[in-house]
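Just follow the structure's listing: the first ligand is 1, and inside any ligand the first atom is 1.
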Amino acid sequence: MRLLIIHGPNLNLLGEREPSMYGTQTLEQLNTCITDEARELGIAVRCMQSNSEGAIIDALHEARLNCDGVIINPGAYSHYSLAIADAIRSIAIPVVEVHLSNTAAREEARRISVVAAACRGSVAGFGCDSYLLALRSFAKKA
Ligand code: DQA
């Protein structure tokens with residue numbers, strides 16, 4: 001099984017960005033955790049990060065050609081990007097949304113995810129473990 005992991009806007013600054021909300025782990029360290037867990041589960045992963053909505057949409061389109069699924073943290077795009085939601089609905093492979101923070105417990109604007117409705121499921125609030133739980137959901141479905 002091959003999965004694409006997409007980290008959305010501002011996640012390149014993990015570790016220095018609002019550490020009380022998002023933790024002190026850098027994106028590189030998070031990607032190492034994801035890759036190690038995936039290896040244990042027999043899943044091949046490729047990780048990418050982009051601050052650009054268009055690049056994320058292009059990556060989703062490309063994933064349909066060479067991946068079995070996608071794990072995406074769309075960052076703030078979760079809350080308003082119908083374009084990313086449409087891209088997810090346009091590809092046949094399953095997509096799982098993840099968030100480091102518990103968005104349901106944050107400001108009102110963050111409680112809505114227009115992307116979540118296009119996904120197989122969502123995992124939020126477990127910090128870096130949100131990604132590992134999403135990986136496990138794919139291992140279970142395999
Ligand atoms: C986030 C939650 C979003 O509301 C926020 O804009 C982010 C990070 C999370 O992982 O908790 O950039 O997606």
Side-chain angles (χ1 to χ4, degrees), residues 1-41 43-64 66-142:
M1 174 177 287
R2 283 167 304 175
L3 298 181
L4 175 65
I5 315 297
I6 302 177
H7 304 286
N10 300 305
L11 293 167
N12 53 310
L13 295 185
L14 273 185
E16 55 180 289
R17 172 194 181 201
E18 298 181 78
S20 58
M21 178 61 66
Y22 299 118
T24 53
Q25 205 170 29
T26 64
L27 184 60
E28 199 183 335
Q29 289 167 336
L30 170 58
N31 283 336
T32 301
C33 284
I34 293 170
T35 307
D36 288 349
E37 179 81 0
R39 195 177 303 114
E40 294 278 317
L41 295 168
I43 297 173
V45 290
R46 189 169 73 76
C47 301
M48 63 154 286
Q49 188 276 330
S50 178
N51 294 319
S52 146
E53 190 178 25
I56 292 170
I57 292 167
D58 289 342
L60 285 162
H61 291 178
E62 200 185 320
R64 85 191 195 284
N66 50 32
C67 292
D68 303 300
V70 176
I71 294 173
I72 184 169
N73 183 343
Y77 288 137
S78 317
H79 312 304
Y80 66 92
S81 177
L82 292 176
I84 290 177
D86 283 349
I88 291 170
R89 288 196 179 93
S90 302
I91 59 176
I93 57 173
V95 178
V96 172
E97 182 193 58
V98 301
H99 293 287
L100 296 155
S101 64
N102 180 4
T103 46
R106 297 185 63 189
E107 312 97 284
E108 201 166 338
R110 292 185 204 275
R111 291 187 202 149
I112 300 282
S113 168
V114 299
V115 171
C119 291
R120 175 191 267 179
S122 303
V123 186
F126 299 99
C128 295
D129 286 349
S130 292
Y131 289 84
L132 308 187
L133 291 164
L135 272 179
R136 284 181 178 270
S137 78
F138 275 99
K140 284 221 158 134
K141 289 263 176 191

- Distance from atom 11 (O) of ligand 1 to nearest protein heavy atom, with residue and atom: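 Protein heavy atom at minimum distance: Ser101 OG, 2.6 Å.
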Report yes or no: does [X] have a heavy atom closer than 4.0 Å to ligand 1?
{"X": "Asn73", "answer": "yes"}
{"X": "His79", "answer": "yes"}
{"X": "Tyr22", "answer": "yes"}

- Should Ala76 be counted as touching ligand 1, given the test is an N or O pair under 3.5 Å?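 Ala76 vs ligand 1: N/O contact under 3.5 Å present.
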- Message: Applying a heavy-atom cut-off of 4.0 Å, say which part of Leu100 lies close to ligand 1: side chain, backbone, both or neither.
- Response: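 The part of Leu100 near ligand 1 is both the backbone and the side chain.
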- Task: May I have the step-by-step check of side chain to side chain contact (heavy atoms under 4.5 Å, CB included) for Leu41 and Arg136, ending in yes or no?
- Result: CA-CA 8 Å; Leu41 295 168; Arg136 284 181 178 270; 4.1 Å; yes
- Query: Counting heavy atoms only, which of Arg110, His99, Arg17 is nearest atom 7 (C) of ligand 1?
  - Reply: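 Among Arg110, His99, Arg17, the closest heavy atom to atom 7 (C) of ligand 1 belongs to Arg17.
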- Taking the six-membered ring for Trp, are His7 and Tyr131 parallel (under 30°), tilted (30 to 60°) or perpendicular (over 60°)?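 Taking Tyr131 first and then His7, their aromatic rings sit tilted (interplane angle of 30° to 60°).
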- For Pro74 against Pro9, the heavy-atom pair lying closest together: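 In this case the closest contact between Pro74 and Pro9 is O-CD, 3.4 Å.
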- Task: Kindly say whether Asn51 contributes a backbone atom to a donor-acceptor pair with the side chain of Tyr77 at under 3.5 angstrom?
- Result: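 Between the backbone of Asn51 and the side chain of Tyr77 there is a qualifying donor-acceptor contact (under 3.5 Å).
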- Message: Taking Gly8's backbone N and O only, do any of them form a donor-acceptor pair with Gln49's side chain (distance below 3.5 Å, no angle check)?
- Response: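 Confirmed, Gln49 side chain pairs with Gly8 backbone.
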- Task: Flag yes if more than 12 heavy atoms outside Glu28 fall under 6.0 Å of its CD atom; otherwise flag no.
- Result: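 Atom CD in Glu28 is not packed in, count stays at 12 or less.
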